Amino acid sequence: MIIVMKSGAPTDEIEQICEEMRGRGFTPEKIVGSHKVVIGLVGETRALDPDAMQDVSPWVEKVLRVEKPFKRVSREYRHGEASEVKIPTLNGVVVIGEKYPLTVVAGPCSVENEEMIVETARRVKAAGASFLRGGAYKPRTSPYDFQGHGESGLDLLAAAREATGLGIITEVMDTADLEKVAEVADVVQIGARNMQNFPLLKKVGAQAKPVLLKRGMAATIDDWLMAAEYILSEGNTNVILCERGIRTFDRQYLRNTIDLAVIPVLRTLTHLPIMIDPSHGTGWSSYVPSMAKAAIAAGTDSLMIEVHPNPAKALSDGPQSLTPTQFDQLMKELSVMGHAVGRWPES
Ligand code: PEP
Ligand code: MN
């Protein structure tokens, strides 16, 4: 349930309502929008009558029920306003959100060695990326494939940050590694395979770093939003949703089926910012540019693109990785698209 306050409602009036709601056993959350303050009420609100709640204060404009199973992530919970995720990096604060310029995240699938990660970081930064991605802990289908360098991979990411100032996005697979990962990561990634790892979701929800939540490969939109709800319910509201393709029946030509229709759908359902990953979404580098452009046209807030200095020799996901030169070219093309939709960052 949400209590929408009238414009100009005094702070002490809002505090008093929050206090009263706490007294009634609910958890009130104050959400300050650009025009209005909304109080989100979490708890057993089913028995409450929204009309009767209206009388709590003359400053209450209306009281509405959030009908969706996901509450804190729902668009209604913020009375229709988008939220944004502000990420401090050495190069300044990067904001990912619906009202902000597009953010591009780029880098290899896995961190392989210092030279390749630093070189990739330099190249993607020069091309206009704001974040370096790269896995130190890799979720691989085969236990015999490269599993990532783990902790020493995190050190290499830290070195790449020092060299370039780029923000770092890297995956955590295990609750036991979260502290170490969060020390280096500016955004902690939950991969598709862990989207419903509820203990892990709760743990990233209870720490301060922003979270990139990738869509599970067989997850419905509701499953995905409920997974995000786990994170918000622990207190961390800085969540970005990343579409990375889902499993459909045809795997002959595409690794996954990238679901770009989620962009307008998510806009109606949630206030959270959106990222699209056309690399995992298609599995082939030659298809990445067209899907990246389509994602911009459809209104994504950010993109994640795999880039490797030598894709033919990559230890993971080579076929879907662009070379730095291809990424350079793609960024030029994306800037045309980005300007057309009024969302390309000033250089
Ligand atoms: C990744 O981004 O490195 C990754 C493993 O992606 P996903 O979880 O989407 O498969
Ligand atoms: Mn990958």
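Only a predicted model underlies this, so the values are computations on that prediction, with no experimental measurement involved. Whatever order the structure lists them in is the order used to number ligands and atoms, beginning at 1.
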Looking at Asp317, the N/O/S atom that lies nearest to the Mn ion (ligand 2) is called OD2
For atom 4 (C) of ligand 1, the closest protein heavy atom turns out to be His280 NE2, 3.5 Å
message = I'd like to check whether Glu171 has a polar contact with ligand 1, where a contact means an N/O of the residue lying under 3.5 Å from an N/O of the ligand.
response = no
At the Mn ion (ligand 2), NE2 of His280 and SG of Cys109 open up to roughly (10° bins) 160°
Atoms of ligand 1 under 4.0 Å from any heavy atom of Gly191, numbered from 1 in the order shown, are 8 (O)
- Query: Based purely on interatomic distance, does Asp277 place a nitrogen or oxygen under 3.5 Å from a nitrogen or oxygen of ligand 1?
  - Reply: no
Under 4.0 Å from one or more heavy atoms of Arg133, ligand 1 contributes atoms 1 (C), 2 (O), 3 (O)
On a heavy-atom basis, the closest approach of Leu200 and Asp174 is CD1-C, 3.9 Å
Minimal heavy-atom distance between Ala219 and Met195, with the atoms involved, is CB-CE, 3.5 Å
Tell me whether Gln189 reaches ligand 1 (any heavy atom closer than 4.0 angstrom to a ligand atom). yes
The closest protein heavy-atom partner of atom 9 (O) of ligand 1 is Arg244 NE, 2.6 Å
- Query: Is the count of non-hydrogen atoms from other residues, nucleotides or ligands lying under 6.0 Å from Trp284 atom CH2 greater than 12?
  - Reply: no
Heavy atoms of Met217 and Arg244 approach each other most closely as CB-NH1, 3.6 Å
Between Ile31 and Arg78, the two heavy atoms sitting closest are CG2-NH1, 3.4 Å
### Message
I'd like to know if the side chain of Arg343 reaches the main chain of Tyr100, judged simply by a donor and an acceptor atom lying under 3.5 Å from each other, with no hydrogens or angles considered.
### Response
yes
Between Gln196 and Leu201, the two heavy atoms sitting closest are CA-CD1, 4.4 Å
In this structure, atom 8 (O) of ligand 1 is nearest to the protein heavy atom Ala192 N, 2.7 Å
In Glu306, the N/O/S atom nearest the Mn ion (ligand 2) carries the name OE2
Paired with Glu61, the side chain to side chain donor-acceptor pair (under 3.5 Å) test is passed by just one of Gln54, Lys36, Lys6, namely Lys36
Phe327 and Ala106 have their tightest heavy-atom pair at CZ-CB, 3.6 Å
Among non-hydrogen protein atoms, atom 6 (O) of ligand 1 lies closest to Lys214 NZ, 3.0 Å
At under 4.0 Å between heavy atoms, what of Met217 touches ligand 1? The answer is neither
